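Everything numeric in this text was worked out from a predicted model, so none of it was measured. No hydrogens, no waters, no symmetry mates; every other heavy atom, side chains included, goes into these values. Residue numbers count from 1 along this sequence.
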Amino acid sequence: MKKFSQQIWLILGLMTLLIGCLDPPEYSNTPKIKFKRLEFVSGDGRADSLKLTFDFEDGDGNIGLSELDVWDEFFPYYFIVYYDSGRLTTDTNGDTITAAGYYIVTLSDSLAVPPFKLGTTNGELIDEVFSEVDNRPAFDPRCDDYLYGDGWSDTLFVTRNPYYNNMDITFLKKRNGQFIETDLAQEFNQDECDVVPEVLRIPIFDPERIGKPTVGNITYSYLSNGVGLFLAQLDTFKIEFFIYDRDLNKSNVVQTPEYTLSDID
């Protein structure tokens, strides 16, 4: 199950763009998007591809993140931390010492005492209080609130940075005539947190376009060995999505029409 989950969350597709220039007054610097089409391509034993195509317009063309954009506003998550003035630890000589400082809250840490604050993966402390009470949620299949792996020996209490991804995709399944949110982890009862947060990033398509009015279309391929099975289990579904630009401006939120897998296969 672990290998299956990692393939779902880690593999990304490509995108194609058609770019044109328009007069600057015609477009807002907040991106605007419009759904165009949805396609499913079977991988025949390899990763399947769900292709989402949408039109966009942006007054300053600053859409896209590079692989190096994991600092400043674009780090993946915040650690939840607390201050301990009397924590006992062992130094490099094996001597027991008292070490005051901020410690990362873990799922099993019985010493964690609020107030809790946020620490970035850049090593910065956010001074305002995150919580005055111990608000660690129960462990849940989505693992949105916890992180395990990458050398950590315990499950860390974290909160995701919404700006790490510049695209957000939500799957909605139809149940009793209503559409409700769902995801791969829920459908497949994933209960492991040693997977990297889902990566939904549109890359920078042309650095020379940044700062210039841009209009075109983006085809984003969501590649996964399990997406076909996932969509088949949803029966009737829709996708809701939006994007951010590099200034963290959020586009309008768009929904696709309702589909079954056979409609787009």
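Under the 4.5 Å side-chain heavy-atom criterion for grouping Ile, Leu, Val, Met, Phe, Trp and Tyr, Val254 is connected to Ile218 within one hydrophobic cluster. Transitive grouping of hydrophobic side chains (ILVMFWY, heavy atoms separated by less than 4.5 Å) keeps Tyr220 and Leu65 in distinct clusters. Connection of Ile169 to Val41 is not established within any shared hydrophobic cluster, with ILVMFWY side chains joined at heavy-atom distances below 4.5 Å, either directly or through further cluster members. In the hydrophobic cluster analysis, where Ile, Leu, Val, Met, Phe, Trp and Tyr join through side-chain heavy atoms closer than 4.5 angstrom, Ile243 is grouped apart from Leu248. There is a path of hydrophobic side-chain contacts, each under 4.5 Å, that joins Leu50 to Phe241.
Counting only residues at least two apart or on different chains, no salt bridge (Lys or Arg N to Asp or Glu O under 4.0 Å) pair has a member in residues 217-234.
A pairwise comparison of heavy atoms in Ile202 and Asn166 identifies N-OD1, 2.7 Å as the closest pair. The two residues Tyr82 and Leu111 make their nearest non-hydrogen contact at CE1-O, 3.6 Å.
A donor-acceptor pair under 3.5 Å is absent between the side-chain atoms of Asp245 and the main chain of Ile63, judged by distance alone. Between the side chain of Asp247 and the backbone N or O of Asn249, no donor-acceptor pair lies under 3.5 Å. Arg209 places a side-chain N or O within 3.5 Å of a backbone atom of Pro213 that can act as its donor or acceptor partner.
Under the 6.0 Å distance and 45° angle rule, Lys51 does not count as a cation-pi partner of Tyr222.
Here the two rings, on Tyr102 and Tyr83, have centers that are under 6.0 Å apart. Taking the six-membered ring for Trp and the full ring otherwise, Tyr77 and Phe75 have centroids separated by 6.0 Å or more. Taking the six-membered ring for Trp and the full ring otherwise, the centers of Tyr146 and Phe157 sit less than 6.0 Å from each other.
For Ser262, the side chain to side chain donor-acceptor pair (under 3.5 Å) partners two or more places apart in sequence, or in a different chain, are Thr260. The side-chain contact (heavy atoms from CB on, under 4.5 Å) check on Gln255 picks up Leu172, Lys238, Glu240, with sequence neighbours excluded. For Pro257, the side-chain contact (heavy atoms from CB on, under 4.5 Å) partners two or more places apart in sequence, or in a different chain, are Phe35, Tyr259. Remark: Asp127 engages Lys117 in a side-chain contact (heavy atoms from CB on, under 4.5 Å) (not counting sequence neighbours). By the side chain to side chain donor-acceptor pair (under 3.5 Å) test, Tyr163 is found to be paired with no residue, residues two or more places apart in sequence or in another chain being considered. Every residue meeting the side chain to side chain donor-acceptor pair (under 3.5 Å) condition with Thr170, not counting sequence neighbours, appears here in chain and number order: Asp168. Asp265 meets the side chain to side chain donor-acceptor pair (under 3.5 Å) test with no other residue; sequence neighbours excluded. Residues passing the ring pair (Phe, Tyr, Trp, His ring centres under 6.0 Å) test with Phe74, sequence neighbours excluded: none.
The hydrophobic cluster around Val133 extends to none of the other residues, as no ILVMFWY side-chain heavy atom falls under 4.5 Å of it. Here Val129 is tied to no hydrophobic group at all, with no ILVMFWY side chain closer than 4.5 Å.
Between the CD1 atom in Ile239 and the CG atom in Leu231 there is a gap of 7.0 Å [rounded to 0.5 Å]. In this structure, CG in Leu261 is found 6.5 Å from CZ in Phe237, a value given to the nearest 0.5 Å. Interatomic distance, Asp145 CG to Ile80 CD1, rounded to the nearest 0.5 Å: 8.5 Å.
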**OP:** Please step through side-chain contact (heavy atoms from CB on, under 4.5 Å) for the pair Leu125 and Val81, ending with a clear verdict.
**Re:** CA-CA 9 Å; Leu125 177 69; Val81 300; 3.8 Å; yes
Subject >> Chi angles and distances behind the salt bridge (Lys or Arg N to Asp or Glu O under 4.0 Å) call for Asp69, Arg246 >> reply: CA-CA 10 Å; Asp69 283 321; Arg246 295 184 61 83; 2.8 Å; yes
Show me, pair by pair, the donor-acceptor contacts under 3.5 angstrom made by side chains of residues 52-60, not counting sequence neighbours?
unit_1, atom_1, unit_2, atom_2, d
Thr53, OG1, Thr219, OG1, 2.8
Asp58, OD2, Gly61, N, 2.8
Asp58, OD2, Asn62, N, 3.2

